[in-house]
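Keep in mind that what you see is a predicted model, and the values were worked out from it rather than measured. The sequence lines fix the lettering, A, B, ..., with proteins before strands; numbering per chain opens at 1.
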Amino acid sequence: MEEFWHSTSHIMASAVCRIFGDIKLGIGPAIAEGFYYDFDCKIQDEDLPKIEDEMRKIIDEDQRFEKIVMNIDEARKFLERQTYKLEILDEIDDEHVSFYKNGSFTDLCKGPHIERTGQVKAFKLLKIAGAYWRGDEKNPMLTRIYGISFESKEELDDYLKKQEEAKKRDHRILGPQLGLFEIYDEVGGGLAFWHPKGNILRDEIIWFLKKEHKNRGYFELTTPHIGKIELWEQSGHCDYYRENIYFIEKEEENYVLKPMNCPGHIMIYKSKMRSYKDLPIRYFELGTVYRYERSGVLHGLLRVRGFTQDDAHIFCNESQLKNEIEEVCRFAFDMLSRFGFNEYEIYLSTKPEKYVGEDEIWDLATDALKGVLEEQGLNFSIDPGAGVFYGPKIDIKLLDALNRAWQGPTIQVDFNLPDRFDLSYIGDDGRKYRPVMIHRVVLGSLERFIGCLVEHYAGKFPLWLSPTQVIILPITDNQLNYAKNVERIFISEGIRTELDSRSEKLQRKIKDAQELKIPYMIIIGKKEEEQEKISIRHRSKGDIGPYGIDDFIKNLKDEIREKLSI
RNA sequence: GCCCACAUAGCUCAGUAGGUUAGAGCGCAUCCUUGGUAAGGAUGAGGUCAUCGGUUCAAGUCCGAUUGUGGGCUCCA
């Protein structure tokens, strides 16, 4: 598809040039889904239909894509007024470069292309956006037009329909609809309020996390949300992370709202002498942190300003490092699969421009992480320069409904904070040694994770996570007493149960329960009451017939215990 | 923060080309209905049209600023 999409971007660029004249061009590549082209020209939404019309003409003209080869000097002359193209040309280390020509439009391009413009049978320009030249905010902003194209109209319709479907899974719509959470402008962007049902979901996840951490030898901590600025100066955050920190001043004392949990855990580590026999020490905290994020980047629960991390810090010695990383990796992948996530992207992030510590130490840590990924046979990409200022890391990114990647689990090696805080343990020879730290989260932030989870399940959570697990739907008011009895039994068995006692028809109650994506509906009519049974309807399987109350409760408990996704 | 777009009832949206008391559906309240697997009916409450300023005899509608939201870009320990 790449060739096809890239060719469509040339068609779009030629249409834009026909309409707006001799404008400067940026780049116009194919992307994962579709293509874009950047123009140094003010183009607005209302221009898109005009451009589409012009593209249609070019397609109807069925122009041939011709390859033209020029030597560098000819190319430079040809691109005289295309300053952005000249920049690209300067980086090409070859005597000849290729151009592609369709109609009167000729563009520096290594190709390849499809044969003729007429092959593009269906296309749509999707959105218009600003994009800095070369992705650098110091450069001018160009106008980027995104589009998609196919060889048939059916494929295009299919694509557009899928996008529409995906939007219905958007956690920002489903979240408030299902009573999970809300973000109030009046309070501030990026600050989530958990409503009762969302809090149940959150609580289930927290309970599960705590149990899993205890099983793996972690000690749980709780640390304050604010602390003196000096702590953050010592950690280096004030230097390397300043623009994201919220500062608080009171009676001439300077405090910060904690943007990270690590210094807190370090305080506890430092509180007494540690022996090599104590290591590794694993401290875990559901730590709520606040970070200022630029207004344009906030996105529902997926990018917020206040969030709770399932954060842990492991203090160990260098010989334990590899094993600890392995354990953490296993832990993270295990947790993801327990929540039904099987598709994610893995990155190894290396040394950034701003960093602390020695180069050899960075190499050592990077190699340790890489070694674990390779030994576990995981597919990963290197993300150069994306490490934290204190160390390299493994990032695992989860995908949302529109396939955008969001960082979830991350494992970071840190040889630097132990230095800054002068951490030590006593070795078997009685001498002092410096421990190594691993920072890691296995779900990431609860907010982001739940945002992804909502989209992943499209709101249809497995039973164990469903805020309401069963809803009782009496067919007439005459069954209300029996329904209330059934409700009492379910609640006393620890099943999250609701009763729809409205004087509505059954169909209506089913529709509403279905929209709330409640896993099981218990239907009670005259028949059920007489036989002391209940009839069950599952949100996806439909009517699954009558059950004895005890039998059904046993089934529910099994399904909850197994954490099944049905 | 930058580019583009958007902002009307709790929610989803109509509002013609500026012209009296701004509409609908859902939801909510009250009443009627007691119906067997995805919407039963009636009545009613609810809006200083995001905010501020301007143009005009007249602004939800036109212009500007601000705030917020959306999609991108940049950023993201």
Under a plain distance cut-off of 3.5 Å, with no hydrogens placed, do A:S466 and A:Q469 share a side-chain donor-acceptor pair? no
With both distances kept under 3.5 Å, what pairs with B:rC52, Watson-Crick or G-U wobble? B:rG64
Given B:rA38, B:rA5, B:rC76, the nucleotide with the shortest approach to the side chain of A:K511: B:rA38
May I ask you to say what A:K526 touches in the nucleic acid, namely base, sugar-phosphate or nothing, with a heavy-atom cut-off under 4.0 Å? base
A:M141 CE to B:rC75 P, in whole Å, measures 11 Å
The test is side chain to side chain donor-acceptor pair (under 3.5 Å); show your working for A:S535 and A:E528 and say whether it passes. CA-CA 7 Å; A:S535 285; A:E528 286 78 8; 2.5 Å; yes
C1' atoms of B:rU12 and B:rC3, separation to the nearest Å: 29 Å
Give the rounded distance in Å between these two atoms: CD of A:E293 and P of B:rC75. 13 Å
State whether the distance check finds a donor on one side and an acceptor on the other, under 3.5 Å, for side chain A:Q479 versus base B:rG36. no
5' precedence on RNA chain B between A:L298 and A:E137 (nearest-nucleotide basis): A:L298
Select base, sugar-phosphate, or nothing to describe what A:R404 touches, counting heavy atoms under 4.0 Å on all strands. sugar-phosphate
Under 30°, 30 to 60°, or over 60°: which ring-plane class applies to A:Y520 and A:H538, parallel, tilted or perpendicular? perpendicular
CD1 of A:I524 versus P of B:rG35: gap in Å, rounded? 16 Å
Please give, in whole Å, the distance from B:rG36 C1' to A:D543 CG? 9 Å
For B:rG70, give the paired nucleotide (Watson-Crick: N1-N3 plus N6-O4 or O6-N4; G-U: N1-O2 and O6-N3; both under 3.5 Å), or none. B:rC4
Contact class for A:S503 (heavy atom, under 4.0 Å): base, sugar-phosphate, or nothing? base
Output yes when A:E165 and A:K168 qualify as a salt bridge under the 4.0 Å nitrogen-oxygen rule, no when they do not. yes
When you compare B:rG47 with B:rG40, how far apart are their P atoms, in angstrom units rounded to a whole number? 28 Å
Quick one: label A:E504 by what it contacts on the DNA or RNA (base, sugar-phosphate, nothing), any heavy atom closer than 4.0 Å. base
Which is true for A:G135 with a 4.0 Å heavy-atom rule: it touches a base, it touches only sugar-phosphate, or it touches nothing? sugar-phosphate
Measure CD1/A:I173 against P/B:rG10 and give the value in whole Å, please. 19 Å
Side-chain N or O of A:K42 versus OP1/OP2 of B:rC4: is the shortest distance under 4.0 Å? yes
A:Q44 near the nucleic acid: base, sugar-phosphate alone, or nothing, with a heavy-atom cut-off under 4.0 Å? sugar-phosphate
Using a 4.0 Å heavy-atom cut-off, does A:P259 contact any base of the nucleic acid, only the sugar-phosphate backbone, or nothing at all? base
Answer with base, sugar-phosphate or nothing: what part of the nucleic acid does A:E182 contact at a heavy-atom distance below 4.0 Å? nothing
At under 4.0 Å between heavy atoms, what does A:K527 touch on the DNA or RNA strands: base, sugar-phosphate, or nothing? base
Can you tell me if A:E498 and A:T468 form a side-chain donor-acceptor pair at under 3.5 Å? yes
Measuring from the side chain of A:R144 (C-beta onward, heavy atoms only), which nucleotide among B:rG35, B:rA38, B:rC73 has the closest atom? B:rC73
Does either side chain, that of A:W5 or that of A:E33, offer a donor lying less than 3.5 Å from an acceptor on the other one? no
Hey, does A:Y390 reach any base, or is it just sugar-phosphate, or nothing, if we go heavy atoms under 4.0 Å? sugar-phosphate
Using both distances under 3.5 Å as the test, list the Watson-Crick or G-U wobble partner of B:rU20, or none. none
As its Watson-Crick or G-U partner within any shown strand, both distances under 3.5 Å, B:rA58 has none
So, is A:H299 close to the B:rG71 phosphate, meaning a side-chain N or O under 4.0 Å from OP1 or OP2? yes
Which listed nucleotide (B:rG36, B:rC3, B:rC4) is nearest to the side chain of A:I523? B:rG36
Record whether the side chain of A:R303 comes under 3.5 Å of the base of B:rC75 through a donor-acceptor pair of N or O atoms. yes
Expressed in angstrom and rounded to an integer, what is the separation of A:K167 atom NZ from B:rG71 atom C1'? 9 Å
Can a donor-acceptor pair be found, under 3.5 Å and without considering hydrogens, that links the side chain of A:R537 to the backbone of A:M521? no
Nearest-angstrom distance from the residue atom OH of A:Y146 to C1' of B:rG71: 9 Å
Check: A:Q412/A:T410 side-chain N/O donor and acceptor closer than 3.5 Å: yes
Side-chain contact check for A:Q507: nearest option of B:rG68, B:rU37, B:rC73 is B:rU37
Closest to side chain of A:D477, choosing from B:rG71, B:rU34, B:rU37: B:rU34
Winner on side-chain proximity to A:I475, out of B:rG36, B:rC75, B:rC4, is B:rG36
Of the nucleotides B:rU34, B:rG1, B:rU37, which one has an atom closest to the side chain of A:R294? B:rG1
Go ahead and name the base partner of B:rA39; Watson-Crick or wobble counts if both distances stay under 3.5 Å, otherwise write none. none
Please state whether the phosphate of B:rG71, meaning OP1 or OP2, lies under 4.0 angstrom from any side-chain nitrogen or oxygen of A:R172. yes
A:T366 and A:T350: side chain donor to acceptor below 3.5 Å: no
How is A:A129 classified with respect to the nucleic acid when contacts are heavy atoms under 4.0 Å: base, sugar-phosphate, or nothing? base
Relative to the 5' end of RNA chain B, which residue comes earlier, A:G300 or A:E515, by the nucleotide with the nearest heavy atom? A:E515
Between A:Y355 and A:D359, is any side-chain donor less than 3.5 angstrom from a side-chain acceptor? yes
Closest to side chain of A:S535, choosing from B:rC75, B:rU37, B:rA38: B:rU37
Contact class for A:D185 vs. all strands (heavy atom < 4.0 Å): base, sugar-phosphate, or nothing? sugar-phosphate
Strictly below 4.0 Å: does A:R508 bring a side-chain N or O up to OP1 or OP2 of B:rG40? yes
When you get a sec, tell me which of B:rG40, B:rC75, B:rC4 is the closest nucleotide to the side chain of A:V297? B:rC75
Sugar-phosphate only, base, or nothing, as touched by A:D45 at under 4.0 Å among non-hydrogen atoms: sugar-phosphate
When rounded to whole Å, the OH to P distance for the pair A:Y36 and B:rC3 reads 19 Å
Think A:Y132 has a side-chain N or O under 4.0 angstrom from the OP1 or OP2 of B:rC75? no
Applying the Watson-Crick and G-U wobble criteria at under 3.5 Å, what pairs with B:rG44? Answer none if nothing qualifies. B:rC28
